[in-house]
Amino acid sequence: MEKRKKGSATELRLMVVGSSGPSQFHLTNAILGREEFPKDTARISSTRRNMGDLAGRRVAVINAPNIYEKDISKAKRKMELRRSKCLCIPGPHAFLVAFDIENISLNDISTPKLMKKRFGRHCMRHCMVLLAFEGNLEGSGVEDRVRKTEWYLRELIEKFNGRFHVFSKNWRDRSRDRELLQKIERMVASLGGGFFSSRTFQKAEESVKKEEKRIRKQRSAEMEKAWMELEKQYIAEELRNQKDTYTASIAAEIRTKAQMDNSWLRTSLARGLGTGLVVGAVMGALFGSIEGPGGMVLYGIIGGAVGGSAGGTAQVAIKHMENRVAPPSRLNFNSIFINRFFAAPRF
């Protein structure tokens, strides 16, 4: 079993995309070398970002709901797409699009079209197909089989510029970590060594930076007080170390809060609430018409309330993000979300 080396200081941002089913979650476990998602996970409702390392390279892995997920509303899906971009700013170095090698569907074949729609037509240059395989990969000749016999796989892979990699569903199998990393790094190098960006990723970055600035201003007195406390306890080199540690910690915390909740996401949520309210009111009025004019009004109000709630669903995996991304003692995303969206603006 290959031992993991200490990660590189340069973070490799990987956007893991799933068509449907559990493949993207198998892939994330395989990249991180741990069971971040339970084996039976087939869908998630909220975007998640996890840190780890792949064959010695520091990686950030971003998972959003599957692109063909039917159990969440259109407004929720749109907001999570925006959130995935906020969590991957300034942009991903690679899109890893995961499929099950034994279960390719018609939806999977049309995934490239939807990728272009959601991330921009040039995103395909930064994409690689990742095929989940059940069993031992060593000496199995799986990649040869893909190249020579499985025409539907070849057709799918050709849409992704011929780049693919087969990985084991068993995350404990570390035998191909180095090969996967090398394929990703070669793809990134062939594109000039940079990351993918687009107008929406730039919008995400602008919104996150704006929110970071707002939070820093809001917490300036708290941060100044913390520095004063440090100056009472430490001197010289130790003081500088403590200040650097505190500065890095508070910056990471503020960045996480800004990525999870900012004006761009709140705008998306507000539109979802508005759309749900209108649709719900119309449907409620239609059902209420059976009861007469009074029923139309009553059911319209009820339908609007229910529709608004459904249209604006905003579950954000709060506990997971608190534990995985930033110090839990300072984070309360529930209160942040409620206060920022529903409270009166502060001047």
Both conditions, 6.0 Å and 45 degrees, for the charged tip of Lys183 above the ring of Phe164: are they met here?
yes
May I ask you to decide whether Glu212 forms a salt bridge with Lys209, counting only side-chain N to carboxylate O separations under 4.0 Å?
no
Presence of salt bridge, Lys243 and Glu231, under 4.0 angstrom
yes
Salt-bridge present (Glu11, Arg58; N to O < 4.0 Å):
no
When rounded to the nearest 0.5 angstrom, what is the spacing between NE2 in His165 and CD1 in Ile157?
12.0 Å
Polar side-chain atom of Asn262 near backbone of Ala258 as donor-acceptor pair, under 3.5 Å:
yes
Kindly compute the distance separating CG (Leu131) from OG (Ser168), expressed to the nearest 0.5 Å.
13.0 Å
Does this structure show an ion pair linking Glu179 with Arg176, if we count only N-O contacts that are shorter than 4.0 Å?
yes
Any carboxylate oxygen within less than 4.0 angstrom of a Lys/Arg side-chain nitrogen, looking at Glu205 and Lys85?
no
Between Arg266 and Glu211, does at least one N-O distance fall below 4.0 Å, as a salt bridge requires?
yes
With rounding to the nearest 0.5 Å, note down the distance linking OG1 in Thr111 to CD1 in Ile67.
4.5 Å
So, taking the atom named CE in Met15 and the one named CG in Leu96, what distance separates them when rounded to the nearest 0.5 Å?
10.5 Å
Taking atom CG of Leu14 and atom CZ of Phe95, what is their separation to the nearest 0.5 Å?
11.0 Å
Stepwise, does the salt bridge (charged side-chain N to carboxylate O under 4.0 Å, His left out) test hold for Glu35 with Lys39?
CA-CA 8 Å; Glu35 192 175 51; Lys39 187 176 181 181; over 6 Å; no
Salt bridge between Glu253 and Lys257, side-chain N to carboxylate O under 4.0 Å?
yes
With under 30° as parallel and over 60° as perpendicular, where do the rings of Phe201 and Phe196 fit, or are they tilted in between?
perpendicular
Taking Glu222 first and then Arg219, would you say they form a salt bridge - that is, a charged N and a carboxylate O separated by under 4.0 Å?
yes
More than 12 non-hydrogen atoms from neighbouring residues, nucleotides or ligands closer than 6.0 Å to CD on Glu224, yes or no?
no
